[in-house]
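Mind looking over this structure? Questions follow.
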Amino acid sequence: MEAEHLIARIEALAAHAGPVTLVGVSLGGIMARLVAHRRPDLVRAVITVSSPFAGSARATNVWRAFEWMTGERLDDPAVIARSAGIAAPLPIRSTAIWSRSDGLVNGFICHDAAGAAVEVRSGHLGVQLKPAVLIAVAKALAD
């Protein structure tokens, strides 16, 4: 349901300004990738920050919290299919900003070979406030 609301909001923005660049942190980056797969006509590029899209959700320290909060199980076929779709190469330009010292998610599942990857040094909490991350986002936006 959240994806449909997000898509509707992006449709409204794109109607006025054309395709948008989506920047998402953690789960927000996963949502950005989901939208870009479903509606690539609305999205110019995707920038993810500490978003564990490219591997098993169990490679994070938050998967139990995810199951508890959403009521979904990671081994549910619908969750597996949705995760595989999100992990698939995007049909548009993408940049993944990641950290091997994240602490909550495995940094190695926060990027893939299909898009640009920028490694930064940061923990997960507050990653979007780190100067190196802001610079990486600005560079990706300028490309």
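Residues: numbered from 1 along the sequence shown. Here the structure is a predicted model, which is why all the values come from computation and not from measurement.
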Nearest heavy-atom neighbours spanning Glu67 and Arg58
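That closest heavy-atom pairing would be OE2-NH2, 3.9 Å.
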Atom CD1 of Ile92 and atom CG of Leu22: how far apart are they, to the nearest 0.5 Å?
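Between atom CD1 of Ile92 and atom CG of Leu22 there are 7.0 Å.
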Heavy-atom closest contact (Phe53 atom, Ala96 atom, distance):
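In terms of heavy atoms, the two residues are closest at CE2-CB, 4.2 Å.
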Arg93 versus Ala140, closest heavy-atom pair with distance:
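What the structure gives for the nearest pair is NH1-O, 3.3 Å.
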Pick from Glu11, Glu4, Arg9: which one makes a side-chain contact (heavy atoms from CB on, under 4.5 Å) with Ile7?
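Exactly one candidate clears the test, Glu11.
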Cluster partners of Val120, using ILVMFWY side-chain heavy atoms under 4.5 angstrom, listed by chain and number?
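Val120 clusters with Val23, Val25, Ile47, Val49, Ile97, Val118, Val127, Val133, Val137, Leu141.
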Drop me the distance from Leu74's CG to Ser56's OG, to the nearest 0.5 angstrom.
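So the CG of Leu74 and the OG of Ser56 are separated by 7.0 Å.
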Asn61 side chain vs Gly103 backbone, donor-acceptor pair below 3.5 Å
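Yes; at least one donor-acceptor contact below 3.5 Å.
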Main-chain N/O of Ile86 paired to Arg33 side chain as donor or acceptor, under 3.5 Å
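Pair found, side chain donor or acceptor close to backbone of Ile86.
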If we ignore hydrogens and angles and just use 3.5 Å, is the side chain of Thr60 paired with the main-chain N or O of Val62 as donor and acceptor?
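Yes: the side chain of Thr60 pairs with the backbone of Val62.
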Ser51 versus Ser26, closest heavy-atom pair with distance
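Distance-wise, the nearest heavy atoms are OG-O, 2.7 Å.
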Please check if the side chain of Thr48 supplies one atom and the backbone of Gly29 the other of a donor-acceptor pair under 3.5 Å.
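Such a contact is absent between Thr48 side chain and Gly29 backbone.
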Using the rule that Ile, Leu, Val, Met, Phe, Trp and Tyr join whenever any side-chain heavy atoms are under 4.5 Å apart, tell me whether Leu27 and Val105 fall into a single cluster.
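No; Val105 is not reachable from Leu27 via cluster members.
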CZ of Arg121: more than 12 outside heavy atoms within 6.0 angstrom?
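No, because the 6.0 Å sphere around CZ of Arg121 holds 12 heavy atoms or fewer from other groups.
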How long is the gap from CE on Met31 to CG on Leu6, to the nearest 0.5 Å?
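Taking CE in Met31 and CG in Leu6, the distance rounds to 5.5 Å.
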Closest contact, heavy atoms only, Ala36 versus Pro91
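Heavy-atom minimum between the residues: O-CG, 4.2 Å.
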Are Val46 and Val20 connected in the hydrophobic side-chain network, where two residues link if heavy atoms are under 4.5 Å apart?
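In one cluster: yes.
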Just verifying a value: how many Å separate Ser83 OG and Asp76 CG, rounded to the nearest 0.5 Å?
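One finds 10.0 Å between OG of Ser83 and CG of Asp76.
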Rounded to the nearest 0.5 Å, how far apart are NE2 of His111 and OG of Ser50?
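The OG atom of Ser50 is 11.0 Å from NE2 of His111, to the nearest 0.5 Å.
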What's the shortest heavy-atom distance between Ala87 and Ala54, and which atoms?
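Here Ala87 and Ala54 meet closest at CB-CA, 4.4 Å.
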Do the non-hydrogen side-chain atoms of Arg38 and Leu34 ever get within less than 4.5 Å of each other?
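The answer is yes; the side chains approach within 4.5 Å.
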